[in-house]
Q: 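Before anything else, here's the structure in question.
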Amino acid sequence: MTDNTLIIESLTLMGIGMGIVFGFLLLLVGILRTMSWVAGRLLPMPPAPDPVPPVLTPSTHGSGDTAGSDDLIAVIAAAVARYRTRP
Amino acid sequence: MTDNTLIIESLTLMGIGMGIVFGFLLLLVGILRTMSWVAGRLLPMPPAPDPVPPVLTPSTHGSGDTAGSDDLIAVIAAAVARYRTRP
Amino acid sequence: MTDNTLIIESLTLMGIGMGIVFGFLLLLVGILRTMSWVAGRLLPMPPAPDPVPPVLTPSTHGSGDTAGSDDLIAVIAAAVARYRTRP
Amino acid sequence: MEELLKLWQSMGIANLEWGQALMMAVGCGLIYLAIAKKFEPLLLVPIGFGALLSNIPVAGIGGPDGMIGQIYAVGVETGIFPLLIFMGVGALTDFGALIARPSTLLLGAAAQFGIFATLIGAVALNFLPGFDFTLQDASAIAIIGGADGPTAIFLASRLAPDLLGAIAVAAYSYMALVPIIQPPIMRALTTKKERAVVMQQLRPVSQLERILFPFVVLLLCAMLLPSAAPLIGMLMLGNLLRECGVVERLSRAAQNEIINIVTIMLGLAVGSKLSADKFLALETLGILVLGAAAFCIGTAAGVLMGKVMYRVTGGKVNPLIGAAGVSAVPMAARVVNRVGLEEDHHNFLLMHAMGPNVAGVIGSAVAAGVLLALTGN
Amino acid sequence: MEELLKLWQSMGIANLEWGQALMMAVGCGLIYLAIAKKFEPLLLVPIGFGALLSNIPVAGIGGPDGMIGQIYAVGVETGIFPLLIFMGVGALTDFGALIARPSTLLLGAAAQFGIFATLIGAVALNFLPGFDFTLQDASAIAIIGGADGPTAIFLASRLAPDLLGAIAVAAYSYMALVPIIQPPIMRALTTKKERAVVMQQLRPVSQLERILFPFVVLLLCAMLLPSAAPLIGMLMLGNLLRECGVVERLSRAAQNEIINIVTIMLGLAVGSKLSADKFLALETLGILVLGAAAFCIGTAAGVLMGKVMYRVTGGKVNPLIGAAGVSAVPMAARVVNRVGLEEDHHNFLLMHAMGPNVAGVIGSAVAAGVLLALTGN
Amino acid sequence: MEELLKLWQSMGIANLEWGQALMMAVGCGLIYLAIAKKFEPLLLVPIGFGALLSNIPVAGIGGPDGMIGQIYAVGVETGIFPLLIFMGVGALTDFGALIARPSTLLLGAAAQFGIFATLIGAVALNFLPGFDFTLQDASAIAIIGGADGPTAIFLASRLAPDLLGAIAVAAYSYMALVPIIQPPIMRALTTKKERAVVMQQLRPVSQLERILFPFVVLLLCAMLLPSAAPLIGMLMLGNLLRECGVVERLSRAAQNEIINIVTIMLGLAVGSKLSADKFLALETLGILVLGAAAFCIGTAAGVLMGKVMYRVTGGKVNPLIGAAGVSAVPMAARVVNRVGLEEDHHNFLLMHAMGPNVAGVIGSAVAAGVLLALTGN
Ligand code: NA
Ligand code: NA
Ligand code: NA
């Protein structure tokens, strides 16, 4: 590779590189805004990670959690089903 | 290996396995009781790990310990002797 | 190697060994004294590691340090020059 | 133009396979359970993140040259990581309750029935189409019933590395579900009177007994079941560091630095085994069902043995503490305490349940040794 | 007599090469800068000492059988050490300011222009006699402009291991020189009025946003640029450990034990690449000049983008904070704060500069991914 | 039936060899000495437990595929573990007393006579039937006289790996016995008047001297004796981290996390070398006898050199402090202090004995370098 080719290569690299960096971070700006909006909508509702300080003892789940075990199997069963039935 | 053989194998495994687990832990019950009894007999006497909280400075052994060095050699000499004179 | 050769070898080793150990540490005595003398001469002057307790925040160098960047390049340039022009 | 094509071809989205996307979702799901439901977060957060990283297309982070793949080779294939964690567990465990009342070891023994029953279940699944477990596979699955994460990972890495991901996930998930799985079984198998038994206080244990304990257990293991010696040995080393009182520095290192560092690495490495091909298979569903069964059977066996001891001792033993024999330290013991308090608000069973609870750790290590000796090669 | 000869031949002074002596002096120089001038001492002390040890004649400490050579093979060739440090950086970093005002990501993007401009500079140097950089070399050199030590080491170990020593030294040296390099550029490119802009306070960020953040960044990276996934992935793992609130132990391990231990090892290993043949070459001078240029250009690009945002937002953004986009966390943000205070004694820009500052970390990891994808093999 | 046979054959008790049983007893004996007699417990507890684990029949924990065997290969064969411990020792050691009075280095030099005298003793033992030490073996044994654990392990792992177990055990055991071995020799060789000498207070040492010290020592070592450079280098790196004042995090890591973690691993690995074939041999008895002789001769040589300095300085040096030259930091210095107090209840020699004490560490590293350079291959 001659030095001139290298220069051209590196100019291309610069164009593509800055393009991706800007593209990536611009996209991230949008996604982060969406995320914050979604989080703001979710937060008033009680579910998901409570803003309560982390409990020190492993939680002894109340009766509301009884579905946990089924959830786990259901979720993975669905995933397996989808995966196996893919075209 | 057919599935039926496997079932039989695993049944054997279960029998032997639970046998060993119970055997092992039953034996341990007996040995732990013996250990506690022995420890109880030893404790009133002064020797061996003192119940005193661990001293912070490396102990500066009193004159009573002077035999330490000889002990070490004696013990290992005996071990070597036994080992070398095995049938 | 017969045992006698070994004995002679080990006697030589002892001679050389104690010689080096003493030589090394004697030399070190001299060098350490020089070092302390030099350090004592340097200390009254302000430069180099201050005896001030280490600052917690990465220092924000005053204007006196502006030469830092040039220093770095200058020092390494000199080193490179010397290295490349060696006989 | 050529660069742009090269770039597009290097993008994740151009190479994303369906299974990878699903597995990344599974990874996120595990982290969700860990954070929101407090499912064993110390392990499930790194495992979930390991699954996420390892399923990123093109990057190959979990492959043989990737970071996590290399961590797996160094720490899990050699068996060193789970053993170091076991040392930490030993350094964190107080075996005093067990030493004070050795008979509770029988409860820890009975609860291992869950393991061997599951072994048969796994082999029986072969009659269904789509399952083809070898005896090694079945053994590795069965150990989930031991309710002991490091033991399960150690055994699975030796007998069925392909199933390691699913087995570890099942083991830790069910350990987290102990407070939900156990109480109904405990209530169903005991009478009101049995649950209300108040046990007599434990005698104090001397330091000499605490120091002799690791040797006694290790020597018995060495004589009868050397295949369990790495597990039992590291557990007892950790415990000796804790109890001997002269190596405070090392005890702290085992309880903190080592176990924390290794937990992150081990979690990532285990997560890298959560690949679509291995995890999104019918086998995984089988493993999850069998794992649940193992916990239920183990709990029941422990409680039933508790009832036997209740009879034999003339009502001095509360059968509920048998449920703690599955290990899952210290959660199973806490569950026993809670169910006991339902019956009598002043009956604290926690200390009494700690005996069978730590006995369960020894029991499942012994069971792992048996399986390794008889099915390993 | 024979022994004495053997002894003399084994002495360092009989085998000392000119270059080794110079490199030992360079090592001492780096340690001097670290201690007396507080130049990134955490890295430069071990790097300098590693150079000292590796250049001791005969001993071969940095060679393939030597201690440091083995540490290099295990930790740097595999890429594991810089990635573990990046995990620690993630666990130590508060991305709140970035989440509160995502637009500052653009400042972090602009500052990466320093990287790509340097890439061209490095290739252009080939027109001078004595320089012969490949595109890989040039890419590895360019990353110095990212002002991010672990990223630079990671990329250099992948693309140009021979230049690793010089690149790491340049990267950390210039990071330490940020307070000297940046202010004149910042003052030259901004008006008095711009520098005096008071920015509005940042909104508080919820824990849920903090927890979702690592996933969002990682998933975007996985989809678009998997070659950056190891770096971004470990950064985000560390951050998740920090923010999720349920794995305090692991977060502490990442922030302390792991990062401290690995820093010593990494420093020694990098120092072993400071050998006369590789370091005392014309290339090193080129690297140092290019590195300085990279920092200047990156700073200027950040500030200019700040001016664009100042216009677009109608004067709500102080363009100075653009300079923090080069990363060099947290020093660049402190410099911004200091230059801002020169104008208005009550205008504290520190928190506002933290957004572009941490954005710069992500930005240079992305740039590293691009370079790796397009010039790696 | 077949399973039962397989099981019986897999049992430890069916495979237990006489030697293994004895070595397990030796392991327990070492742990007993560590706990009950406080014999260097930080090392002897892990070494003893390593012996226990490695001699479990069938399990092969110390073998090439076993956990401890792998730890040995990674950490001891490469020499990395003892060097990391030496770094920690450097970070824990205050060389101030030595810098304030460099002449005490001569006491540290004299005490190394124990090493070289033992070398001759080891070779002379070959005249007895049953002994067949090579010059390498003899050198590795002789280093016990250095009273420095990591140095002994480092040298033995290089020159005579087969004897490593016995040498390490002897080194640490005698270090623990220093309070018993030294006082009679010290009393026998000194007069009442000499022992009562009150030394003049040490001058304060500046931070600059403390920072320059590691470089001075390392550079001298690099020029004269590069074979000692790994040992001296890591010792001085640790000390620089401690004294330079700008890398508090790294200093703490070297003094705690790294040294604690490595001590456990190193102990286990060394313990795995305590196998019946290697340890229950006549050689071991020879090593133990020679080790005791080495300590006695080293102590005597130190005290005699102390007497020389007493003469030369006109009675300003208390010859007792020469005994501290064997290293065994800080126990030997404490012993000097105690013997001094016997004579005069107000004469505290501790600080004065610290100089020769840390000089002994450097001295034995130098001696190790000589042995390595002249007998290594
Ligand atoms: Na269990
Ligand atoms: Na950056
Ligand atoms: Na010594």
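We name chains A, B, ... by the order of the sequence lines, and we start the count at 1 in each one.
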Q: Where does L224(D) contact chain B at under 4.5 Å (heavy atoms): side chain, backbone, both or neither?
A: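 For L224(D), side-chain heavy atoms alone lie under 4.5 Å from chain B.
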
Q: Taking atom CE of M35(B) and atom CD1 of I211(D), what is their separation to the nearest 0.5 Å?
A: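 Going from the CE atom of M35(B) to the CD1 atom of I211(D) covers 10.5 Å.
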
Q: Report the option among S206(D), A359(D), G363(D), C221(D) that has the most heavy-atom pairs separated by less than 4.5 Å from atoms of chain B.
A: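 Looking at each option in turn, the highest pair count goes to C221(D).
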
Q: Do you know which of V366(D), L220(D), L225(D) has the most heavy-atom pairs under 4.5 Å to chain B?
A: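 Of the candidates given, the most pairs with chain B belong to L220(D).
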
Q: Let me know if R203(D) has heavy atoms under 4.5 Å from chain B in its side chain, its backbone, both or neither.
A: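 It is the side chain, since no backbone atom gets that close.
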
Q: Report which part of A117(D) has an atom under 4.5 Å of a heavy atom belonging to chain B: side chain, backbone, both, or neither.
A: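 Both backbone and side chain of A117(D) come within 4.5 Å of chain B.
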
Q: Hey, which of T104(D), V370(D), I120(D), I99(D) has the most heavy atom pairs under 4.5 Å with chain B?
A: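 Most pairs with chain B among the choices: I120(D).
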
Q: Applying ring pair (Phe, Tyr, Trp, His ring centres under 6.0 Å), name anything that partners F133(D), two or more places apart in sequence or on another chain.
A: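 Partners of F133(D) by the ring pair (Phe, Tyr, Trp, His ring centres under 6.0 Å) criterion, ordered by chain and then number, come out as F131(D).
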
Q: Find the distance between CG (L28(B)) and CD1 (I362(D)) and round it off to the nearest 0.5 Å.
A: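 One gets 6.0 Å once the value is rounded to the nearest 0.5 Å.
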
Q: How far apart are the C-alpha atoms of L212(D) and V38(B), what are their side-chain angles, what is the distance that settles it, and do they pass the side-chain contact (heavy atoms from CB on, under 4.5 Å) test?
A: CA-CA 10 Å; L212(D) 291 178; V38(B) 171; 5.7 Å; no

Q: Please evaluate residues F116(D) and L11(B) with respect to the criterion side-chain contact (heavy atoms from CB on, under 4.5 Å), reporting the C-alpha separation (whole Å), side-chain torsions for both, the decisive distance (0.1 Å), and the verdict.
A: CA-CA 8 Å; F116(D) 293 101; L11(B) 279 169; over 6 Å; no

Q: Please look at S103(D) and chain B and tell me whether the side chain, the backbone, both or neither of the residue comes under 4.5 angstrom of a heavy atom of that chain.
A: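 Looking at S103(D), backbone and side chain both touch chain B.
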
Q: Report, in residue-number order, which members of residues 105-115 of chain D are under 4.5 Å from chain B by heavy-atom distance.
A: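 Within residues 105-115 of chain D, the residues that come under 4.5 Å of chain B (heavy atoms only) are L105(D), L106(D), G108(D), A109(D), A110(D), Q112(D), F113(D).
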
Q: Starting at CD of E209(D), measure out to CG of L42(B) and round the result to the nearest 0.5 Å.
A: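 That separation rounds to 10.5 Å.
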
Q: In terms of heavy-atom proximity below 4.5 Å to chain B, should V217(D) be classed as side chain, backbone, both, or neither?
A: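 Contact with chain B: backbone and side chain both.
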
Q: Mind listing the closest non-hydrogen atom pair of S10(B) and L135(D) along with its distance?
A: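 Scanning both residues completely, I find the closest heavy atoms to be CB-CD1, 4.2 Å.
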
Q: Let me know if M305(D) has heavy atoms under 4.5 Å from chain B in its side chain, its backbone, both or neither.
A: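 It is the side chain, since no backbone atom gets that close.
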
